[in-house]
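In what follows, a single structure is set out as structure tokens and then discussed.
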Amino acid sequence: LPATFLTQVLLAGAAILCLPRQFHAAIVEARADADTAIARWLFPVYLVLFSLAVIPITLAGLRAFQTAGVAADTFVLALPMSLGNELLAMLAFVGGFSAATSMVIVACVALSTMISNEIVVPSMVRMRAVQGDTLTDFPRLILTARRVAIVAIALLALAYFKVTDETTALASIGLLSFAAAAQFAPLIVLGVYWPGANRIGALGGLSAGFALWAFTLFLPALARSGALPISIVEQGLFGWSMLRPEALLFDTGLHPLTHGVLWSLGANVAVLVGVSLSRRQSLIERSQAYTFVGLPDVGGKLPDVATAGVTIDDLQALAARFVGAE
């Protein structure tokens with residue numbers, strides 16, 4: 001269906017920006033602008049070449065296994081094995097294992113870095129757990145936090161694998177995770193191009209988006225794997241037909257993936273924009289917005305205190321950064 005195809009294209013585009021491993025490779029590991037200049041043409045060429053290689057493998061697999069019920073994910077292994085070419089099958093397995101392993105390693109490292117930088121270290125500073133006598137051990141504490149995070153992430157992935165249906169196609173799991181990562185896309189895009197967004201709106205949009213993603217996409221996946229009653233999907237939550245995860249409020253006839261993405265991303269954008277418009281920005285939020293988007297056009301002059309809507313609280317917060325809150 002065209003709607004399903006467009007949804008998959010949207011998720012793939014969002015994944016390039018929002019997946020932790022993509023962000024790590026494109027942003028964290030980028031050493032200079034020259035890296036970006038090369039990646040802008042080399043990465044699309046790389047994707048096109050590998051996409052072209054998929055076509056003959058798919059066509060051959062569909063022709064050879066049309067009645068055998070072989071999963072499309074395993075065509076690259078099943079084809080050489082069916083022809084008795086064990087060496088080629090082994091090479092394909094090693095290549096796939098290497099690609100999968102590297103993806104998991106980069107994702108775990110990227111997520112552990114985010115967890116330590118954005119959760120562990122700020123929490124330790126707020127709780128005053130980091131004092132003068134512990135600063136020398138600070139690098140070791142960060143390293144330990146990242147190692148614990150890596151192990152925890154791997155165990156969570158293993159738990160999800162054990163809880164869900166082990167026969168689920170890899171593509172289905174990938175699209176589910178892409179839809180989750182796509183919830184960050186409105187914040188990234190609007191945060192760069194729209195100076196009116198604020199923190200409360202961003203958190204509200206994320207919360208609404210992830211809640212509807214969990215209800216419309218993640219919950220049905222758990223139900224079909226046997227982890228939850230399938231009646232939730234077929235009859236609705238609490239038996240209410242309007243709360244069917246794949247036909248929320250009313251049945252649109254859309255593919256479950258398209259339905260879930262429309263609800264989650266739609267609510268995400270609506271809450272982000274609505275809350276941002278209804279709440280004034282703080283001075284810090286305005287300064288950050290101008291850093292990314294640029295100063296507003298006021299005839300070549302900087303806005304004065306009155307036109308900028310600066311309050312006494314804003315001035316106190318600004319002064320506290322230099323002379324202290326007390």
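Across all non-hydrogen atoms, the minimal contact from Gly201 to Asn198 is N-OD1, 2.7 Å. Residues Pro256 and Leu217 come closest through the heavy atom pair O-CD2, 3.6 Å. Closest approach of Val120 to Ala145, counting heavy atoms only: CG1-CB, 3.9 Å. Between Gln183 and Gly209 the shortest heavy-atom distance is OE1-CA, 3.3 Å. The minimum heavy-atom distance linking Ser116 with Arg146 is given by the pair OG-NE, 2.8 Å. The shortest non-hydrogen separation linking Ala185 to Cys18 is N-SG, 3.6 Å.
Between Phe184 and Leu17, every side-chain heavy-atom pair lies at or beyond the 4.5 Å cut-off. Between Leu190 and Val273, some side-chain heavy-atom pair lies under the 4.5 Å cut-off. Side-chain contact check for Phe65 versus Ser82: some heavy-atom pair is nearer than 4.5 Å. Counting heavy atoms from C-beta on, the side chains of Phe93 and Val76 never come closer than 4.5 Å. By the 4.5 Å heavy-atom criterion applied to side chains, Leu257 and Leu11 are counted as neighbours. Here the side chains of Arg147 and Leu143 are in contact, with some heavy-atom distance below 4.5 Å.
Hydrophobic cluster membership is shared by Leu62 and Ile57, with clusters built from Ile, Leu, Val, Met, Phe, Trp and Tyr side chains linked at under 4.5 angstrom. Leu87 and Phe75 sit in two unconnected hydrophobic clusters of ILVMFWY residues. Membership requires side-chain heavy atoms under 4.5 Å apart, directly or through other members. No path of Ile, Leu, Val, Met, Phe, Trp and Tyr side chains, each step under 4.5 Å between heavy atoms, connects Leu10 with Ile16, placing them in separate hydrophobic clusters. Leu19 and Val109 fall into different hydrophobic clusters, defined by Ile, Leu, Val, Met, Phe, Trp and Tyr side-chain heavy atoms under 4.5 Å apart, directly or through other members. Side-chain heavy atoms closer than 4.5 Å link hydrophobic residues (I, L, V, M, F, W, Y) into clusters, and following such links, possibly through other members, connects Leu79 to Leu77.
With values rounded to the nearest 0.5 angstrom, Ile153 atom CD1 is found 6.0 Å from Ser112 atom OG. Between Thr58 atom OG1 and Arg63 atom CZ the span is 15.0 Å, to the nearest 0.5 Å. Atom SG of Cys108 is separated from atom CG of Leu156 by 10.0 Å, given to the nearest 0.5 angstrom. In this structure, OG1 in Thr7 is found 9.0 Å from NE2 in His255, a value given to the nearest 0.5 Å. The OG1 atom of Thr113 sits 10.5 Å away from atom CD of Glu118, with the distance rounded to the nearest 0.5 Å.
Partner Val121 forms a side chain to side chain contact (heavy atoms under 4.5 Å, CB included) with one of Ile115, Ile142, Leu141 and no other, that one being Ile142.
Between the side chain of Trp213 and the backbone N or O of Leu176 there is at least one donor-acceptor pair closer than 3.5 Å. Although no hydrogens or angles enter the test, the distance criterion places a donor-acceptor pair under 3.5 Å between the side chain of Ser264 and the main chain of Val261. Formation of a donor-acceptor pair under 3.5 Å by the Ser98 side chain with backbone atoms of Val94 is not found in this model.
Ring-centre distance between Phe215 and Phe210: not below the 6.0 Å cut-off.
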- Query: What's the verdict on side-chain contact (heavy atoms from CB on, under 4.5 Å) for Leu187 and Asn268, showing C-alpha distance, side-chain angles and the deciding distance?
  - Reply: CA-CA 9 Å; Leu187 279 68; Asn268 191 334; 3.9 Å; yes
- Task: Report the C-alpha separation of Val275 and Arg199 in whole Å, then their side-chain angles, then the decisive distance to 0.1 Å, and conclude whether the side-chain contact (heavy atoms from CB on, under 4.5 Å) test is met.
- Result: CA-CA 10 Å; Val275 174; Arg199 178 176 177 270; over 6 Å; no
- Message: Checking Leu272 against Leu206 for the side-chain contact (heavy atoms from CB on, under 4.5 Å) test, could you report, in this order, the C-alpha distance in whole Å, the side-chain angles of both residues, the deciding distance, and whether it holds?
- Response: CA-CA 8 Å; Leu272 169 60; Leu206 270 182; over 6 Å; no
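Other members of the hydrophobic cluster containing Tyr46, listed by chain and number, are Phe43, Leu47, Phe50; membership follows side-chain contacts under 4.5 Å among ILVMFWY residues, whether direct or relayed.
Within 6.0 Å of atom CZ in Arg21, more than 12 heavy atoms from other residues, nucleotides or ligands are found, so the atom counts as buried in its surroundings. Residue Met81 places its CE atom among 12 or fewer non-hydrogen atoms of other residues, nucleotides or ligands, all under 6.0 Å distant. Shown here is Met103, whose CE atom has more than 12 heavy atoms of other residues, nucleotides or ligands within 6.0 Å. In Leu42, the CG atom is crowded: over 12 heavy atoms of neighbouring residues, nucleotides or ligands sit closer than 6.0 Å.
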